[in-house]
Amino acid sequence: MPELPEVQSVVDSLLPHLPGCTILSVSQSRLDIASHGAFTRSPATGLPLAPLLTSRTITSLHRRAKRIVLTLDNHATLYFHLGMTGHLALNSSHPPDQQSHPSLPHTHLTVILSSTPSPHLTSNILPLTFSDPRRFGKVVYLPPGHPTDLGLGPEPLTLPPADFHTLLRSSKRPLKSALLDQSLIAGLGNIYVDESLHAARLHPRKRATTLTRAQSSLLLSHIQRILLASIAANGSTLRDYRNANNQPGNFQSSHQVYNRTGIPCPTCQTPIQKITLAQRSTHFCPQCQSYRKTQNQHSRRT
DNA sequence: GTCCATGTTCTTTA
DNA sequence: CTAAAGAACATGGA
């Protein structure tokens, strides 16, 4: 579901509503969707969020990589990571008196918000729900002062070209693997890596370290152009993705290679090819995205 | 039943 | 030692 543009679209759809809201109540049907301090899953203990969130006010909201970050009035932060099928939904039309509302399947968390600090002025009550069928998503509570950015690489939209080139030079891995590595550069996923490599006419197996300064600069400019265009189109909806108002994205119609196996490349009409790389399906045009120079073919598997 | 899926972490292998 | 590859997580749709 969520790469950088989709997560940004969720944040954009939440921004008019959340800041300034007070959390009236929290109902959590699974403890193990939430954890304290880290995204690691090994503890698997789970965390009850209600005591930490109730009566707090949301002061601000932003995106970091593929995470949605809520800041609370006590300077604690709440991270939402959507995984593959996670969905944050605002339901402003939800009747506040309907306590018998059957929770949809896979709704693991409902946060009841009030747009006014006092719960007695019952004017604007809105529920924020987190649902996630596959449960790859996570909610992480970070207490005030807790370090937030552990292990995440820089944001692609604000990364200077020279820094991007340095990052790529440090990795002998295929471009596809390197660009998916969130500790190297944070926010890209399978769709936008495939689309960006096609736009830059680079083979996904080409080693990151072999890019010239001109090639890496071109690649970064395509990454940024595609991310911005997708944000403007509210992201890509392949199947499940919806923003917090349940609206799908529109950028999937602009995809050139992703999920288009066998369809002619828009540039050269060669059928798009699909291979598996870094355990992910990888779509590319064998004509436009050839190795060309600096081909180190001897490093092919035994 | 099989295969596949917008993601990430942990374990095993090289 | 590092880095790559594989497995695992959980559910649903084609």
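Computed from heavy atoms alone, side chains included, the values below leave out hydrogens, waters and symmetry copies. Throughout, a chain's letter reflects where its sequence line sits, starting with A, and its residues are numbered from 1. None of the values given here were measured: they were computed from a predicted structure.
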Closest to the A/K274 side chain, choosing from B/dG7, C/dT11, B/dC4: B/dC4
Salt bridge A/K138-A/D132, side-chain N to carboxylate O under 4.0 Å: no
Any A/T85 side-chain N or O less than 4.0 Å from OP1/OP2 of C/dG12: no
Base paired to C/dT2 (Watson-Crick or G-U; both N/O distances under 3.5 angstrom): B/dA14
Within 6.0 Å of CZ in A/R169, more than 12 heavy atoms from elsewhere: no
Under-4.0 Å salt bridge between A/R63 and A/D12: no
Between P of B/dT8 and CD1 of A/I33, the distance in whole Å: 17 Å
Minimal non-hydrogen separation, A/L175 against A/A208, with atom names: CD2-CA, 3.7 Å
Spacing of the P atoms in B/dC3 and C/dA8 (rounded, Å): 15 Å
Per A/N190 side chain, nearest of listed nucleotides C/dG12, C/dA10, B/dG7: B/dG7
Residue A/H81, side-chain atoms from C-beta onward, closest of B/dG7, C/dA7, C/dA4: B/dG7
Protein-nucleotide distance (A/N259, atom CG; B/dT6, atom P), rounded to Å: 8 Å
Closest nucleotide among C/dG12, B/dT6, C/dC9 to the A/F136 side chain: C/dC9
Candidate nucleotides B/dA5, B/dT6, C/dA7, ranked by approach to the side chain of A/Q279 - the nearest: C/dA7
Complement of C/dA10, any strand, by Watson-Crick or G-U distances under 3.5 angstrom: none
Closest to side chain of A/R173, choosing from B/dG7, C/dA4, C/dT11: C/dA4
Short side-chain N/O contact from A/H106 to OP1 or OP2 of C/dG12, under 4.0 Å: yes
Centroid-centroid distance, A/H203 to A/F284, less than 6.0 Å: yes
Nearest to side-chain heavy atoms of A/K172, which nucleotide of C/dA4, C/dG12, C/dA10: C/dA4
